[in-house]
Amino acid sequence: MCEKIAAGILGTGSYVPEKVLTNFDLEKMVDTSDEWITTRTGIKERRIADSSQATSDLATKAAKKALEDAKVDPSEIDMIIVATVTPDMNFPSTACIVQANLGAANAAAFDISVGCSGFIYGLAIAQQFVETGMYNKILVIGAETLSKIINWKDRNTCVLFGDGAGAVVVGRVESGYGILSSYLGADGTGGKHLYMPAGGSRMPASEETVKKNLHTIFMEGQEVFKFAVKVMDSATIEALNRCGLKPEDIDMLIPHQANTRIIEAARKRLKLSNDKVYINLDKYGNTSAASVAIALDEAYRKGLIKKGDVILTVAFGAGLTWASSVIRWSK
């Protein structure tokens, strides 16, 4: 009988733009304050891509670091998955642009649009291809330039988001390690709470859509907050149940970096100590599909994750969507 192939993370990488936009900078742009933003979100600053940087540029930089960490040549990559809601353009996919940038000539490439849940969705997709033996090494990237689709006059949204990219190489790992379980979900009835109205086939770009700022993020903050608090708990427990583990088995929780109040509520329900939850929200804001990937890379590079540790990732996003995964660290 053949032993089941285990899929896990071989290498990690991340990149954030150099420009820092602080809460004090935002005080000069809209009617807000550092105290208001910090108290309600936990965000102190965020990174902003410059006018010459597109999502593929950030994604490529993060991918190169992940490949270097995994000691994998681009030619060895079988597939590239980019999770993003801010693609360079509708087509070709950002993944295809990244493929060209890397010279990963042997890789299939496609984007997924799942909002902030995108990176974990990508991990689950990669897991299936590796476990079935169809592919050996897959690059999963979460990348966003949300600053390009923000209405900088809307104080309810412009304070929340930032730009960045995170990447991992997924491949075969030793038995008992790697991605132990994944849980993905969606509730399309909640799509109206977080969306960008214009730019698609429903509302093509026009002079009117530009004048009305319809190519920017619209969000009902309270509805998204209530959804997030509920789903962070249920998605976490479901992922643990699927691999026979309990909250006390978690060595590190890496949640979507959207709001410290949401993260703190999840930490308390899971009865985890502060040192078992990784937070970098204060530095980067909400980077959507990139947030979990960036946090995972930082936690690993800081030595906070070691071989054998149980890592739980969980996120929620536009759609509305949610995703969680349990990983036994193999590096």
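These numbers come from the heavy atoms of this one structure, side chains and all, not from hydrogens, waters or symmetry mates. All figures in this text were calculated on a predicted structure; none of them were measured in a lab.
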Checklist outcome for this item: Residue pairs passing the ring-ring contact (aromatic ring centres under 6.0 Å, His included) test with at least one member in residues 67-126, sequence neighbours excluded, are none
Checklist entry - Any luck finding a side-chain donor-acceptor pair between Thr132 and Gln128 under 3.5 Å? => result no
Next on the checklist: Walk me through whether Asp154 and Thr157 qualify under side-chain hydrogen bond (donor to acceptor under 3.5 Å, both in side chains).
Outcome noted: CA-CA 6 Å; Asp154 178 8; Thr157 56; 3.0 Å; yes
Checklist entry - Applying salt bridge (Lys or Arg N to Asp or Glu O under 4.0 Å), which residue pairs with at least one partner in residues 182-193 are found, sequence neighbours left out? => result none
Next on the checklist: Does Lys307 qualify as a cation-pi partner of Tyr177, given the criterion of NZ or CZ under 6.0 Å from the six-membered ring centre and within 45 degrees of its axis?
Outcome noted: yes
Checklist entry - Please walk me through it: do Lys246 and Leu270 pass side chain to side chain contact (heavy atoms under 4.5 Å, CB included)? => result CA-CA 9 Å; Lys246 298 178 180 179; Leu270 293 169; over 6 Å; no
Next on the checklist: Looking at Val159, is its backbone amide N or carbonyl O close enough to the side chain of Arg46 to form a donor-acceptor pair, meaning the two atoms are under 3.5 Å apart?
Outcome noted: yes
Checklist entry - Which pairs count as salt bridge (Lys or Arg N to Asp or Glu O under 4.0 Å) when at least one residue sits in residues 102-122, sequence neighbours excluded? => result none
Next on the checklist: Going by salt bridge (Lys or Arg N to Asp or Glu O under 4.0 Å), name the pairs with one or both residues in residues 16-31, residues two or more places apart or in two chains.
Outcome noted: Asp31-Arg155
Item to check | Qualifying ring-ring contact (aromatic ring centres under 6.0 Å, His included) pairs with a residue from residues 46-83, counting only residues at least two apart or across chains | outcome: none
Checklist entry - Taking Ile305 as the fixed residue, which of Ile254, Ile327, Thr12 is the one that meets the side-chain contact (heavy atoms from CB on, under 4.5 Å) rule? => result Ile254
Checklist entry - Are Asp34 and Lys44 within salt-bridge range, i.e. N to O under 4.0 Å? => result yes
Item to check | Pair Arg267-Glu264, salt bridge (Lys or Arg N to Asp or Glu O under 4.0 Å): steps then yes or no | outcome: CA-CA 5 Å; Arg267 183 191 71 78; Glu264 181 62 11; 2.7 Å; yes
Next on the checklist: Ignoring hydrogens and geometry beyond distance, is a side-chain donor-acceptor pair present between Asn101 and Thr60 at under 3.5 Å?
Outcome noted: yes
Item to check | Residue list, side-chain hydrogen bond (donor to acceptor under 3.5 Å, both in side chains) with Glu223, at least two apart or on another chain | outcome: Lys226
Checklist entry - Quick one: does Asp297's side chain have a donor or acceptor within less than 3.5 Å of a partner on Ile294's backbone? => result no
Checklist entry - Checking side chain to side chain contact (heavy atoms under 4.5 Å, CB included) for the pair Asn259/Ile43: CA distance, chi angles, key distance, verdict? => result CA-CA 8 Å; Asn259 187 299; Ile43 302 168; over 6 Å; no
Checklist entry - Any salt bridge (Lys or Arg N to Asp or Glu O under 4.0 Å) pairs touching residues 227-242, not counting sequence neighbours? => result Asp233-Arg269, Glu238-Arg242
Checklist entry - Please walk me through it: do Thr94 and Ser56 pass side-chain hydrogen bond (donor to acceptor under 3.5 Å, both in side chains)? => result CA-CA 6 Å; Thr94 301; Ser56 65; over 6 Å; no
Item to check | Donor-acceptor pair, side chain of Thr321 and main chain of Val114, under 3.5 angstrom | outcome: yes
Item to check | Results of ring pair (Phe, Tyr, Trp, His ring centres under 6.0 Å) for Phe225 - residues two or more places apart only | outcome: none
Next on the checklist: Enumerate the ring-ring contact (aromatic ring centres under 6.0 Å, His included) contacts for residues 283-320, please, sequence neighbours excluded, ordered by first and then second residue.
Outcome noted: His256-Phe316, Tyr300-Trp329
Checklist entry - Residues in ring pair (Phe, Tyr, Trp, His ring centres under 6.0 Å) with Phe129, at least two apart? => result Tyr135
Next on the checklist: The criterion is side chain to side chain contact (heavy atoms under 4.5 Å, CB included); which residues satisfy it with Ile149, sequence neighbours excluded?
Outcome noted: Thr86, Leu146, Met196, Ile217
Next on the checklist: Keeping Asn106 on the side-chain end and Ser75 on the backbone end, is there a donor-acceptor pair under 3.5 Å?
Outcome noted: yes
Checklist entry - Can you name the side-chain hydrogen bond (donor to acceptor under 3.5 Å, both in side chains) partners of Asn241, sequence neighbours left out? => result none
Checklist entry - Would you say the side-chain atoms of Ser324 and Thr236 include a donor-acceptor pair closer than 3.5 Å? => result no
